[in-house]
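So that we are looking at the same thing, I have put the structure below in structure tokens.
Letters go in sequence order (proteins before strands), and every chain restarts at 1. Below, all heavy atoms of this structure are taken into account, side chains as well, without hydrogens, waters or symmetry copies.
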2 protein chains.
Amino acid sequence: MAFSVCPAGEQFPLPGPEDYEREALRLRECAALEREKGRQIVVVMGVGFVGAVMAGVVADSVDRETGESCFFVIGMQRPSPRSYWKIPYLNRGVAPVEAEDPEVAPLIERCVKKKRTLTATFSYEALALADIVVVDVQCDYRKEALGEVRQGYAEIAALEDSLRVIGQLIAPECLVLIETTVPPGTTEYIAYPIIKKAFDRRGFKDREPLLAHSFERVMPGREYVASIRDFWRVCSGINETAREGVERFLTRVINVERFPLTVLDRPIESETCKIVENAYRATILGFLNEWSLFAERNGVDLTKVIQAIKVRPTHSNIIFPGPGIGGYCLPKDGGLGVWAYHTLMGFEDDIFKITPLAIDINDTRALHVARITRDALRNMGRIVAASKIALLGASYREDVGDTRYSGSEMVVRKLTEMGAELSVHDPYVKHWWELEKQETYPAPGQSWSRFFRNQERLTETRVHDDLAEVLAGADAVILAVRHKAYLHLDPDRMVEMIGRPAAVIDCFGILDDAAIRRYFELGCEVKGLGRGHVKRIKDSVRNRPAS
Amino acid sequence: MAFSVCPAGEQFPLPGPEDYEREALRLRECAALEREKGRQIVVVMGVGFVGAVMAGVVADSVDRETGESCFFVIGMQRPSPRSYWKIPYLNRGVAPVEAEDPEVAPLIERCVKKKRTLTATFSYEALALADIVVVDVQCDYRKEALGEVRQGYAEIAALEDSLRVIGQLIAPECLVLIETTVPPGTTEYIAYPIIKKAFDRRGFKDREPLLAHSFERVMPGREYVASIRDFWRVCSGINETAREGVERFLTRVINVERFPLTVLDRPIESETCKIVENAYRATILGFLNEWSLFAERNGVDLTKVIQAIKVRPTHSNIIFPGPGIGGYCLPKDGGLGVWAYHTLMGFEDDIFKITPLAIDINDTRALHVARITRDALRNMGRIVAASKIALLGASYREDVGDTRYSGSEMVVRKLTEMGAELSVHDPYVKHWWELEKQETYPAPGQSWSRFFRNQERLTETRVHDDLAEVLAGADAVILAVRHKAYLHLDPDRMVEMIGRPAAVIDCFGILDDAAIRRYFELGCEVKGLGRGHVKRIKDSVRNRPAS
């Protein structure tokens, strides 16, 4: 018997043929009942990171005047061994995503158990019942080589499969809202022909599919639900009916009074909007890499320079890039744009100069952490291959447990390839999936051309939450993420836990000058990304007359 | 007899040998008198765009407690035929810079005539009397070829000359504050050795020069004075005395209570700060060029996409790049950084990827305006070489008269090279100096490899302020700058002034969709930078059944 195992270890048997029939019946009865209450049926396809919470937000929304729920939501997910467990989870009222936001768990529980406006299913039958389908199926971008985003491609097959099923099953008047971040043009160049052809085959020859696009701007962390519900939205429809439909839907679901909706003319415009805003952010960060190197080599502390620049309102979004960028969106979205231009629109010239370059810079920035770690160890007469290295912070962002494409992953891969023994600490991360070699869950970078040495060591890497254990006996300590727990670590206490002077690598402007000075006084070697001034502090400590 | 001619045409004879002696005497008496009043003598070297107003701001400042002026300011300028007139101008109480800011003229008049805290001189004698020298001598960046900023170099000779004179004349305890935007490292690698050696020669062997750096963040326009006085400042000194000196000085002169001062450790850090913040801005703008092209080719209106993105607080500084960037700073400052890395610091590797690329993209973006003008004319059966083209807006920025490195200049140069006859309108620009071929005032781009054809036509180009005159008989109208006067031009009235349907080129998201539609209805052809949706509007107008 096949099972799906949830992260907590519980086994859920995958549904068999008889389960499908029972489930279809349940959904039909359920939908009929809800329709009687005047509710529309919304199917959210894909209950992953975005879909699960979006389903909750829709199910939680009420009519502004009557206070009644307008929607009954069915979260839908293919019953794969990897994901099926999310469905029984949801139906118990338990959120299938881990989130630092305390609003997530009660939102899901409330909608499933109290309001009864949310259920979950593995059956495509839901689509046949839908007034609105929200598509939250992932569209990844596959990179074939490290730092060469242009050689990658959009992994659009799963989305295409979903659209095919949608075309086969939905009622022709159903609104299909694509919420996934997609290559610009996807709604018109991919979704429309698929669904139109399916309609033709089903005899709806003169029915135009009602396709819309509206992207989310989800931010992992403590404001996760708010980043869906209480944030500005952009939407568009493929024709006037679809445009009006998506506008009406989002006006009911999103807090548009405080965060007005932008309606653009065509889906390609809202699709482009999402790509441009994330490519913009990636560019801002990629730009600073070269100034970070400049700073290191010329006695400049880039973190102070950035503080001095940030005071200008026109420059307030300048941020230090840390050891690479990471997260699900910024490393890939620009790539989706470049891919669309060549593949969907068929252009051969190369208008994209900065967008792919910024991604390549960001993707390889973490390798520089390995270099300065090597140099710091060398200054202490040690080498990477014979060193134990403690990495503090596995996630891509401070105070979240999200390790997707994190800079820390590249640091671990590179240093492992160089022969180091890594120990990892992160208070938010229980298991670092990306380091596992596992066919059903290919890690980003796994197929890349580097990091083929010492794979077994990589797979063995575990994340600990006991700092003393991770630090004990380390030759080098890498401060990789601005988790709260790392911002005020006392140098004396650190050296005590390590057991002797070590190399201390600051990837994110975590150490202030007093701490840097103290580490040097304790015999440590300090280096930091973009922190060229550490050499001055070192000189002032070493040249100080013995007292 | 040699003269200096001011822009209004008045001739000022250059000073002769006897004038120098008289002037030195005047300054000495003046300084002695002011010192008796307890005032410090501040010499501002270079009374150009920044120096003149900085001199006024210092002269206008008062002690926060006593309300008394703390400084007597001497504006200093070499008596060259090009610039000497500024000195008698200032001494009459007239600002030698044209500014849209109504505060400039009264500021200068007040300080010279009422407060008597400001005078101007051509004599270096002022330096010998100074407690503080503020260096506002220009440091340009010379580009040798279009779109290849790496081949350029910092024109640092004038600054070096000034520093040599300063080293020869100042008292050793005088604070030298470099305010010019300079290649990072200039204060330590260029200014320090020059002045230190001069001190050595003068017998001050154990005196360390008191060198400081603090850059301005001047913005042309109606807030010009405020952008010096009421804005955040960054400063640094070469040693503790210099650092304390510059901090004390700026605290008296700048509104540091509302706009706190940032004090960085070393001059290279504040020098780098200025370069990074302007390179950042240039990068943000350069990034959008590729998306502007993408938009044009794929039915996207980038100006609406940008509006939709701007609502995010982290993305609020995203702005449409228009027909190139322009202004004095953004096209050059990143170049100063790259140059310093190779030339002052001696590195040979190439860490700078985005900084120079963004400048190259921005510098050549205006050429695309010529291309879409060509295409629009072709759609009407006309060619550039036989066309009269009206350009609306010569300056680089809306509602200022500053033409330095404006995108419009490149548009005019390219279309002139292609054979067009240009007529130019700008309500803020009286004369377009950059288009003149004149040895003493080489225009940017004059030595570049393109634009060698039809130079005589270029030189003849005049700027008019009568719109009807400029438009009459035009084959194409280029809306190049978002001047207020251009934001609501009525299409019917425009076509009336032109006299027939023309090509209308929108470089800056000036036309709304209704105006675009109306131009098409009137038989015009419309194209715009980043405005791919015009084709949809055109189709909807042309395919409309005749009524």
Taking 4.5 Å as the heavy-atom cut-off, does anything in residues 338-348 of chain A contact chain B, and if so which residues?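 Those residues of residues 338-348 of chain A which have a heavy atom under 4.5 Å from chain B are A:Tyr341, A:Met345, A:Phe347.
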
Can A:Glu290 and A:Arg297 be said to form a salt bridge (Lys or Arg N to Asp or Glu O under 4.0 Å), step by step? CA-CA 11 Å; A:Glu290 56 206 51; A:Arg297 293 171 186 191; over 6 Å; no

Okay, side chain of B:Asn255, backbone of B:Asp230: is any donor-acceptor separation there less than 3.5 Å? no

If you count heavy-atom pairs under 4.5 Å with chain A, which of B:Val305, B:Ile351, B:Thr262 comes out on top?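 Of the candidates given, the most pairs with chain A belong to B:Ile351.
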
Structural part of B:Asp350 lying under 4.5 Å from a heavy atom of chain A: neither

Does any donor atom in the side chain of A:Arg371 or A:His368 lie under 3.5 Å from an acceptor atom in the other side chain?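 Indeed, the side chains of A:Arg371 and A:His368 share at least one donor-acceptor pair under 3.5 Å.
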
Heavy-atom proximity to chain B below 4.5 Å, by part of A:Phe259: neither

Sub-3.5 Å donor-acceptor pair from the side chain of B:Arg217 to the main-chain atoms of B:Trp232, do we have one? yes

Specify which of B:Lys304, B:Arg266, B:Gln307 makes the most heavy-atom pairs with chain A at under 4.5 Å.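 Looking at each of B:Lys304, B:Arg266, B:Gln307 in turn, B:Arg266 comes out on top.
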
Can a donor-acceptor pair be found, under 3.5 Å and without considering hydrogens, that links the side chain of B:Lys274 to the backbone of B:Glu216? yes

For B:Ile309, is it the side chain, the backbone, both, or neither that has a heavy atom closer than 4.5 Å to a heavy atom of chain A? both

When heavy-atom pairs shorter than 4.5 Å are enumerated against chain A, which of B:Arg233, B:Arg312, B:Arg281, B:His315 gives the highest number? B:Arg312

Can a side-chain donor-acceptor contact be found between A:Asn362 and A:Asn289 if the only test is distance below 3.5 angstrom? no

Pair B:Trp291 and A:Phe352, ring centroids less than 6.0 Å apart: yes

For the side chain of A:Arg531 and the backbone of A:Leu511, is there at least one donor-acceptor N/O pair under 3.5 Å apart? yes

Heavy-atom pairs under 4.5 Å with chain B are the metric here; pick the option from A:Cys273, A:Gly337, A:Gly286 that has the most.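 Greatest number of close heavy-atom pairs with chain B: A:Cys273.
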
Between the main-chain N or O of A:Ile318 and the side-chain N or O of B:Tyr280, is there a donor-acceptor pair closer than 3.5 Å? yes

Answer with side chain, backbone, both or neither: which region of B:Pro260 has an atom nearer than 4.5 Å to a non-hydrogen atom of chain A? neither

So B:Leu529 and B:Arg365, side-chain contact (heavy atoms from CB on, under 4.5 Å) or not? Walk me through it. CA-CA 10 Å; B:Leu529 291 180; B:Arg365 176 166 162 83; 3.6 Å; yes

What residue in A:Thr283, A:Leu293, A:Asn298 has the most heavy-atom pairs under 4.5 Å with chain B?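 Most pairs with chain B among the choices: A:Asn298.
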
What residue, out of A:Leu288, A:Asp265, A:Leu264, A:Thr355, has the most heavy-atom pairs lying under 4.5 Å from chain B? A:Thr355

Heaviest contributor of heavy-atom pairs below 4.5 Å to chain B, chosen from A:Ser270, A:Ala279, A:Ala295, A:Gly532, is A:Ala279

Is it the side chain or the backbone of A:Asp360 that comes within 4.5 Å of chain B heavy atoms, both, or neither? neither

Side-chain donor-acceptor contact under 3.5 Å, B:Ser236 with B:His213: no

Is B:Ile306 in contact with chain A via its backbone, its side chain, both, or neither, using a 4.5 Å heavy-atom distance? neither

Would you kindly say whether B:Thr187 and B:Glu271 are connected by a side-chain donor-acceptor distance under 3.5 Å?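 On atom types as modelled, these side chains qualify, holding a pair under 3.5 Å.
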
A:Val541 and A:Lys538, any side-chain heavy atoms less than 4.5 Å apart: no

Among A:Val234, A:Ile268, A:Val311, which has the most heavy-atom pairs under 4.5 Å with chain B? A:Val311

